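Small disclaimer: the values here were computed from a predicted structure and weren't measured. Only heavy atoms go into these numbers, but all of them, side chains included; no hydrogens, no water, no symmetry mates. All chains are named by letter (A, B, ...) in the order of the sequence lines, taking the proteins before the strands, and each is independently numbered beginning at 1.
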Protein chains: 2
Amino acid sequence: MREVAALAGVSLKTVSRVVNREPNVSPSVRERVERAAAKLDYRHNLAASNLRKAHGRTGSLGALVQDISNSFSSSVLRGIENAARDRGLALVAASLDEDADREMSLVRDLVTRRVDGLIMMPSSDRQDYLASELRAGLPMVFIDRPPTGIDCDYVVVDNVRGGRLATEHLLAAGHRRIAVVADDEHIYTAAGRRAGFAEAYAARGLSPDPALIVSGLRNEAAGLAAVDALLRLADPPTAIFASRNTLCVAAVRALARCGLQRSVALVGFDDFPLADVIEPGLTVIGQDTSRIAEKVAELLFARLDGSTARPHHVILPPTLIVRGSGEIPPPASR
Amino acid sequence: MREVAALAGVSLKTVSRVVNREPNVSPSVRERVERAAAKLDYRHNLAASNLRKAHGRTGSLGALVQDISNSFSSSVLRGIENAARDRGLALVAASLDEDADREMSLVRDLVTRRVDGLIMMPSSDRQDYLASELRAGLPMVFIDRPPTGIDCDYVVVDNVRGGRLATEHLLAAGHRRIAVVADDEHIYTAAGRRAGFAEAYAARGLSPDPALIVSGLRNEAAGLAAVDALLRLADPPTAIFASRNTLCVAAVRALARCGLQRSVALVGFDDFPLADVIEPGLTVIGQDTSRIAEKVAELLFARLDGSTARPHHVILPPTLIVRGSGEIPPPASR
DNA sequence: TCCCCGTTAGACAACGTTGTCGCTTGGTGT
DNA sequence: ACACCAAGCGACAACGTTGTCTAACGGGGA
């Protein structure tokens, strides 16, 4: 900037005025400065600019999702990107992979980078460590799982209701031996979906067979093994509720491997691309990712605009998407 | 920092020393400073720090992909994230959506933010506008499509070979009426794949029916309509080569809608999750996204470390992944 | 006792900007 | 001819840090 000023024969401040399109610069000076800037390949430095003026605002948002390459994460991320773009905010994105340490170190890094707001699908059990940032006024919205240990905005889906919806759907079709394949029970979403499953049984005065409930499945491979084992039981399940997208894929694979994809009913949680083209089409409990992203952006932007209202807790309803796999009847009624 | 210094009864510089773990600070002073920092919720400001010391380095990378929510984009992005994390670099990510204006404005923004390096799947026809950044030493690696108008590092897949591979596979099975559904011909990848298609025909001394070649398909809906129309021809294709992942999905949907998924062969370009579980399994030309990301990171990091070697052009071989849909024979030979 | 030296800490300027204020210029009204 | 005013531009300090240089201190050797 100093060099541009020298070349244009003006002061630093005048270059700044031109760069920021401030008024009170004569057209001739403006043009001289612009020519000098072009000749010298001058590029405005946003970091320095923000340091001086925006009282520390950087025009960037931190977004911590479970896994950028997972379709749920990346859909939500994309929705947030769209909203952020309308506001001229850049997105610093990273994956957490259910790793609490990674969450803490990434948050620390983002805070140090002075992101204007934080969006996170948490991995850790408690987020007390964020209390000071919250007090300091860092806008913060949680997705998919509510915070524990602090109170801040969040947007989640009604997992209990989703689990109940899935289970009721299968019970209504006559299934009585419904298996559940789920992630670690200490994960909020997994616990909720499982609770919904139990509720649905209870509502009919029935009780599920505990032997058919498998949790602690951290990845697709574990899910595959679990479903395989279930299908080999002496009295195997007639239906499966897969409580997360990768586990649902695992179930699809396991069923196909045994040639049972048309005999055992399957309902998944989380919709994903191609769920409608596999055969039979996958019946799932869908989460509206674009609505989630929209809500998250709405809450975050309100905070950015200075809202100090008490935290909003948005709980979106999941929907049952019927496509075929969930409508396979139990053998007895065939 | 000033407040921390005051509370600890030391100078600014000493706080800086403690924060940066510099030597020559007595344990007692160190502890006093740390306590003061904790009490005041002090957070180091990376932007200011970098402004002063790193000669402008921000410890961040810009990554512009076609669409964060697309499986190809997000897989590559995830690979780059992993590599960036090992180096302590943050990733600023955004989607281009085949929009040249958006590309230019996002690049401008990233430059202004002083990212240390730029990774991009370009949308524009020419990237001359980046010449000055390149001269200025901004490390830059292109993915998926090589740059035009400038010469810099890039990592692409051999699209011609991929197109030929797909087509040869179908020709070898006896198909002679192979349709192509493709994106705009001016897109590098689309053109290459189409050229590979033509090459395969030529190698056998055959020539394709131009009526079966449809390009300019920008999205899934367009692909769906195109495949529908192809199937309704008086003399319809016996096989389809879908030259991009969303078009392949479109083809799958269109075929399923007509109940032809087991009669018309299909080979896609780009692998994606679930391609193996649909029926019949999708035969595709696969790109190794993690290898792409690895290579990109390798090239970019070499530049970050000061390499001024002339640009590397990495062309990775695609592979044919046989799963069933591409092995459906033409009606005549059945 | 004195001097030297290593350790520890502070003063000051600088990184690339912009907010504030003040100065010069030239035109307007009387 | 004079006061007055707005437009146009520059000097200076500040944003939150850190590199450089220097000063104070205390301990050990002669």
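Straight-line distance from the NZ atom of A/Lys53 to the P atom of C/dG16: 17 Å, rounded to whole Å. One can place CG of A/Leu51 at 4 Å from C1' of D/dC15, the figure rounded to the nearest angstrom. Put simply, CG on A/Asn50 is 9 Å from P on C/dT18, counting in whole angstrom units. When the C1' atom of D/dT18 is taken as reference, atom CZ of B/Arg52 falls 5 Å away, rounded to whole Å. In this structure, B/Arg57 atom CZ and C/dG16 atom P are separated by 15 Å, rounded to whole Å. Rounded to whole Å, the distance from CE on A/Met1 to C1' on D/dG10 is 12 Å. In this structure, A/Glu3 atom CD and C/dC15 atom P are separated by 11 Å, rounded to whole Å. Rounded to an integer number of Å, the gap from CZ of A/Arg114 to C1' of D/dT17 is 11 Å.
A sub-4.0 Å separation between OP1 or OP2 of D/dG16 and a side-chain N or O of A/His55 is absent.
A donor atom on one side chain and an acceptor atom on the other are found under 3.5 Å apart for A/Asp270 and A/Gln287. A/Ser95 and A/Gln66 are not linked by any side-chain donor-acceptor pair at a separation below 3.5 angstrom, with hydrogens and angles left out of the test. At a cut-off of 3.5 Å, with distance as the only test, a side-chain donor of A/Glu103 or A/Ser124 sits close to an acceptor on the other residue.
The structure places CG of B/Asn82 at 15.0 Å from CZ of B/Arg87, a figure rounded to the nearest 0.5 Å.
Considering every non-hydrogen atom in both A/Pro122 and A/Met120, the closest pair reads CD-O, 3.3 Å.
Within residues 11-31 of chain B, the residues having any heavy atom under 4.0 Å from DNA chain D are, by residue number, B/Leu12, B/Lys13, B/Ser16, B/Asn20, B/Glu22.
A 6.0 Å sphere centred on CD of A/Glu3 holds no more than 12 heavy atoms belonging to other residues, nucleotides or ligands.
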